[in-house]
Amino acid sequence: MAKVLIVDDERDVAEVLSEICKLEGYETDWAPTAEIGLKKLQFDKDIVVVLLDKNLPGMSGLDFLKKAKEEIKTYAQIILVTGYPSAEA
């Protein structure tokens, strides 16, 4: 089954995103850090979409994106999201 990986350090945000994805028929998984998310992405071939928080503690969402494309070579669609109101966030 197609799966959406939600990478967000805020559990409440991840739960809301998960519920929306489930309503659309997707299975979901959650990673609270970029490092955990990369491991899940590397080993779970059912992941077709990643909802990725831009501002994570430790490794940023942008660093995750770079590693996912260069090192893991995933074909999952990665959508960068942020709760901050400006483009500079």
Side-chain angles (χ1 to χ4, degrees):
M1 173 183 247
K3 188 183 289 185
V4 175
L5 174 62
I6 300 164
V7 183
D8 198 308
D9 58 318
E10 295 183 43
R11 180 181 285 275
D12 293 343
V13 172
E15 287 176 358
V16 169
L17 291 172
S18 177
E19 288 303 314
I20 293 168
C21 292
K22 288 176 182 176
L23 287 172
E24 294 299 320
Y26 291 96
E27 187 177 322
T28 63
D29 195 2
W30 174 58
T33 68
E35 293 83 1
I36 293 170
L38 283 171
K39 286 186 182 177
K40 290 184 178 208
L41 184 59
Q42 182 176 9
F43 294 108
D44 189 341
K45 299 307 176 195
D46 290 333
I47 296 171
V48 295
V49 174
V50 179
L51 296 178
L52 174 64
D53 185 9
K54 183 180 174 201
N55 298 306
L56 294 164
M59 182 189 302
S60 73
L62 294 175
D63 290 335
F64 175 104
L65 183 61
K66 184 177 179 181
K67 284 186 177 285
K69 293 298 180 184
E70 291 178 0
E71 295 177 19
I72 298 176
K73 302 199 185 316
T74 181
Y75 293 101
Q77 298 298 304
I78 300 175
I79 301 169
L80 197 62
V81 297
T82 184
Y84 292 91
S86 71
E88 293 81 32

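Summarising the geometry of Ala34 relative to Ser60, their closest heavy-atom pair is CB-O, 4.4 Å, with the distance given to 0.1 Å.
By the 4.5 Å heavy-atom criterion applied to side chains, Asp8 and Leu51 are not counted as neighbours. Put simply, the side chain of Met59 reaches to within 4.5 Å of the side chain of Leu38, judged on heavy atoms. Using a 4.5 Å cut-off on side-chain heavy atoms (C-beta onward), Val50 and Val7 make contact.
Within 6.0 Å of the NZ atom in Lys69, the count of heavy atoms belonging to other residues, nucleotides or ligands exceeds 12. The environment of Lys3 atom NZ is dense: over 12 non-hydrogen atoms of other residues, nucleotides or ligands sit within 6.0 angstrom. In Lys66, the NZ atom is not crowded: 12 or fewer heavy atoms of neighbouring residues, nucleotides or ligands sit closer than 6.0 Å. Heavy atoms from other residues, nucleotides or ligands lying under 6.0 Å from CD of Glu27 number more than 12.
Residue Leu5 holds its CG atom at 12.0 Å from CG of Asp46, rounded to the nearest 0.5 Å. In this structure, CG in Leu65 is found 9.5 Å from CD in Glu70, a value given to the nearest 0.5 Å. Remark: Lys22 NZ to Glu19 CD distance equals 5.5 Å, nearest 0.5 Å. Rounded to the nearest 0.5 angstrom, Ile47 CD1 and Gln42 CD are separated by 11.0 Å. For the atom pair OG1 (Thr28) and CD1 (Ile6), the distance works out to 5.0 Å, reported to the nearest 0.5 Å. Note that OG1 of Thr74 is 4.0 Å distant from CG of Leu41, once rounded to the nearest 0.5 Å.
Test Ile79, Leu80, Leu62 against Leu52 for side-chain contact (heavy atoms from CB on, under 4.5 Å) and you get one pass: Leu80.
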Check the pair Val49, Cys21 against side-chain contact (heavy atoms from CB on, under 4.5 Å), reporting the backbone distance first and the verdict last.
-> CA-CA 10 Å; Val49 174; Cys21 292; over 6 Å; no
Given the rule in the side-chain contact (heavy atoms from CB on, under 4.5 Å) test, do Asp9 and Asp53 qualify, once you have shown the distances and angles that lead to the verdict?
-> CA-CA 8 Å; Asp9 58 318; Asp53 185 9; 3.2 Å; yes
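Cluster membership check: Leu56 shares its hydrophobic cluster with Ile78, using side-chain heavy-atom separations under 4.5 Å among Ile, Leu, Val, Met, Phe, Trp and Tyr.
Under a 3.5 Å cut-off, the side chain of Lys40 and the backbone N or O of Trp30 do form a donor-acceptor pair. Lys67 places no side-chain N or O within 3.5 Å of a backbone atom of Phe64 that could act as its donor or acceptor partner.
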